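Keep in mind the model is a prediction, meaning the values are calculated, not measured.
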Amino acid sequence: MQVDLTALGRTAAARIGSDLAAADDEVLAPLSGEERRRLFDMLNRLNGHLGQAGPGSAPAAARPIRKPGR
């Protein structure tokens with residue numbers, strides 16, 4: 001399935017992306033770059049495991065968790 005965004009939808013998606021990046025920076029401020037990288041690596045491993053767990057398991061996200069630095 002393919003979904004196409006309107007110009008307004010693209011603008012909203014860009015704004016949401018910027019807001020999310022700012023929230024990430026605020027929440028992750030106490031972590032060094034290396035700590036952030038390790039955190040995202042571990043979260044992606046857990047996410048991948050959930051996708052392989054089989055029926056009745058929590059659904060995995062459609063894409064990996066964003067790495068620091070976007």
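Contact annotation: the side chain of R37 never approaches that of L31 to less than 4.5 Å [non-hydrogen atoms, C-beta and beyond].
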Show the atom names and distances, to 0.1 Å, of all donor-acceptor pairs under 3.5 Å that link a side chain in residues 11-20 to residues at least two apart or in another chain.
unit_1: T11; atom_1: OG1; unit_2: A7; atom_2: O; d: 3.1
unit_1: S18; atom_1: OG; unit_2: A14; atom_2: O; d: 3.2

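L5 approaches R10 most closely through the heavy-atom pair O-NH1, 2.6 Å.
Summarising the hydrophobic clusters (Ile, Leu, Val, Met, Phe, Trp, Tyr; side-chain heavy atoms under 4.5 Å, direct or chained), the residues clustered with V3 are M1.
Looking only at distances, no side-chain donor or acceptor of N47 sits under 3.5 Å from a matching main-chain atom of L43.
Using a 4.0 Å cut-off between charged side-chain N and carboxylate O, R45 and D41 make no salt bridge.
Around atom CD of E34, more than 12 heavy atoms belonging to other residues, nucleotides or ligands sit under 6.0 Å away.
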